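Treat the numbers as computed from the prediction; the structure is a model and nothing was measured.
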Amino acid sequence: MANEEDDPVIQEIDVYLAKSLAEKLYLFQYPVRPVSMTYDDIPHLSARIKPKQQKVELEMAIDTLNPNYCRSKGEQIALNVDGACADETSTYSSKLMDKQTFCSSQTTSNTSRYAAALYRQGELHLTPLHGILQLRPSFSYLDKADAKHREREAANEAGDSSQDEAEEDVKQITVRFSRPESEQARQRRVQSYEFLQKKHAEEPWVHLHYYGLRDSRSEHERQYLLCQGSSGVENTELVKSPSEYLMMLMPPSQEEEKDKPVAPSNVLSMAQLRTLPLADQIKILMKNVKVMPFANLMSLLGPSIDSVAVLRGIQKVAMLVQGNWVVKSDILYPKDSSSPHSGVPAEVLCRGRDFVMWKFTQNRWVVRKEVAAVTKLCAEDVKDFLEHMAVVRINKGWEFILPYDGEFIKKHPDVVQRQHMLWTGIQAKLEKVYNLVKETMPKKPDGQSGPVGLVSGDQRVQVAKRQAQQNHALLERELQRRKEQLRASSVLPAVRIKEEPVSEEGEEEEERGAEDEQPMDTSPGGGLHSRLANGLPAARAAGGDSFNGHPPSGSAGTPVARELRAFVEATFQRQFVLTLSELKRLFNLHLASLPPGHMLFSGISDRMLQDTVLAAGCKQILVPFPPQTAASPDEQKVFALWESGDMSDQHRQVLLEIFSKNYRVRRNMIQSRLTQECGEDLSKQEVDKVLKDCCVSYGGMWYLKGTVQS
């Protein structure tokens, strides 16, 4: 930010794209000449070009009268090239090396990022280059001199040979007919260097006429470097967003992609992987690895990736088993595919593999014969399922391949809860398809860590109904108390609905809880376990927490509300301006640092978070975003601390009022408005402080924090 202030924008220049010569303009790069001589002063004898190869040859006269020119050396070169007799085919007709040939070579095959610029009357006109050619001296005359020398030596040897030499014996000649050329041999011949050289040599030269720098024809052609008319008809390509404009000027290079070797299908390049969107990276990694702890996944994705975004993406392609993530069956067996062993359709394979994964949520050991007996699949298919997520132990069966990840379970109880709901739905489907008997695992002794058995969804629903009926009177009294508090307070009631997405199985569980019109309480009781599958802590069930996403009832005076307000106030004291999206991200990070079972895990809705922000002395700034903005609704909700108790409150309020009417503002406008409203000449340090607290600079303009769309 300091560097931008030290280097202010002093002028804005309109840029025009001229396309009249877009397919005809070449850049010639000449060798360095003495400063006293320019190429316009050197006579150009001839010029020719091969358009397909973009190859140019220029013949330029050499100043033989220059005192630096060695006349004897020039005569010797002409004699070696043409010999003593001069004719029409001679390279140097004056018997003196009085000209030099320059031959071109391409500097780059991709010239789309280069343009010729012409600055005139405050306007910059750009014309794309069709080619860039470097002209270097050609020494083909030396090859011609060598050929002449070999001819003379051959003639001398022929003259010295004896004329009386006996005539050679007659030799028998065997005539052979060439075989028909195969397609493979023809392709090798076409791709050979000799064939390409011959092809290039066959292209005819097109002779050109050279016009000097001051020639009237050159002046006429130079006018095409200017955009024809400033109405903007030719400049529709420049009416783009900054990122699109930058991509148009600097397109990604295609040369490297052409030269990259084709890697085997089972080889995964991390360099190429990190160019993909985050969701695709997670999907590819899980599809290749099959089973992975969350910590390993984060290390592969890189330290700059947000863990909240990764958690959101991993739940779309994998399921939680014993604290580790196992890729979903429909990712490995997409629709319309079949088993390579038995030809069984993908739907049956997915169901069988889900059964294996579900078994591992109950126990670390699975017996293959039991799986085959239930799923009715062939042994090869079952073995494939088990090899994805387990290792075989002699005389024991198949053990889950990774150890139980208790650290992830404790750190992300909300994810564990959601995954448990999904497994409950999968279990219900498996019981219906395979006619399974509902069974639970033996309760583990206190203090023992590790995964425990699943509890059927129907059992949980019945327990929740019984406890909800018992607590009905208590809930009614709590509701009346909340209504009385809300009448006396200006805080709006919080709509406690979790916004986090769940899959189809989780939605079915929520709909079932909503039909009962009561929060589903799954606290331990009725002979059920005190801990649930995938390590869900029992503390989540205590205190009225539920598995269908409904938090316990509360109000502004509850411990949850006070804890949330303390977080909001502390956050806005550090960062004066935040979008709702950024605030939710900081809140998720705050939740990740809290111990399992903390009261804030009960579920905080967007509405409750916004009401708490407004109650903490903040105001919502209605920033007028442009119509074509890519900002999400949460990114367009901007909140700012209105009064912090320091000396800059008034300055900050004036600044926020400016941004309630403008999406972006220049610094001089902010400075003048602050001086006008505050009635004093503010110092640069005071203006810098209020800008640093609330704004960011981008492209010479100032935006509220979190609102700039680069």
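Residues Leu301 and Ile282 form a side-chain contact, since some pair of their non-hydrogen atoms from C-beta on lies under 4.5 Å apart. Proximity of Phe572 to Leu583: side-chain heavy atoms (C-beta onward) are separated by under 4.5 Å at one or more points. Side chains of Val568 and Leu609 form a contact here, defined as non-hydrogen atoms less than 4.5 Å apart.
A side-chain donor-acceptor contact under 3.5 Å links Gln315 to the backbone of Leu311. Glu380 places no side-chain N or O within donor-acceptor distance of the main-chain N or O of His341, the cut-off being under 3.5 Å. The main-chain N or O of Ser581 is never found under 3.5 Å from a side-chain atom of Glu635 such that the two would form a donor-acceptor pair. A donor-acceptor pair is defined here as one N or O able to donate and one able to accept, closer than 3.5 Å; no such pair exists between the side chain of Arg364 and the backbone of Gln322. Between the side chain of Trp423 and the backbone N or O of Leu320 there is at least one donor-acceptor pair closer than 3.5 Å. With hydrogens and angles disregarded, a donor-acceptor distance shorter than 3.5 Å links the side chain of Asn324 to the backbone of Pro403.
Here CZ of Arg312 is found 7.5 Å from CG of Asp306. Values are rounded to the nearest 0.5 Å.
With a 6.0 Å radius and a threshold of 12 heavy atoms from other residues, nucleotides or ligands, Lys705 has its NZ atom above the threshold. Gln636 CD: more than 12 foreign heavy atoms inside a 6.0 Å radius. With a 6.0 Å radius and a threshold of 12 heavy atoms from other residues, nucleotides or ligands, Lys287 has its NZ atom at or below the threshold. Within a 6.0 Å sphere centred on CD of Glu407, heavy atoms belonging to other residues, nucleotides or ligands number 12 at most.
Defined by atom type and a distance below 3.5 Å, a donor-acceptor pair is missing between the side-chain atoms of Gln573 and Glu569.
With Phe360 as the partner, the ring pair (Phe, Tyr, Trp, His ring centres under 6.0 Å) test is satisfied by one option alone out of Phe355, Phe400, Phe385: Phe400. Test Val638, Leu586, Val613 against Leu578 for side-chain contact (heavy atoms from CB on, under 4.5 Å) and you get one pass: Leu586.
Taking the six-membered ring where the residue is Trp, Phe567 and His590 present parallel rings, their angle staying beneath 30° rather than reaching 60°.
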Query raised in the report: Does the pair Val560 and Met608 meet the rule for a side-chain contact (heavy atoms from CB on, under 4.5 Å), with working shown?
Result: CA-CA 11 Å; Val560 174; Met608 183 176 182; 4.3 Å; yes
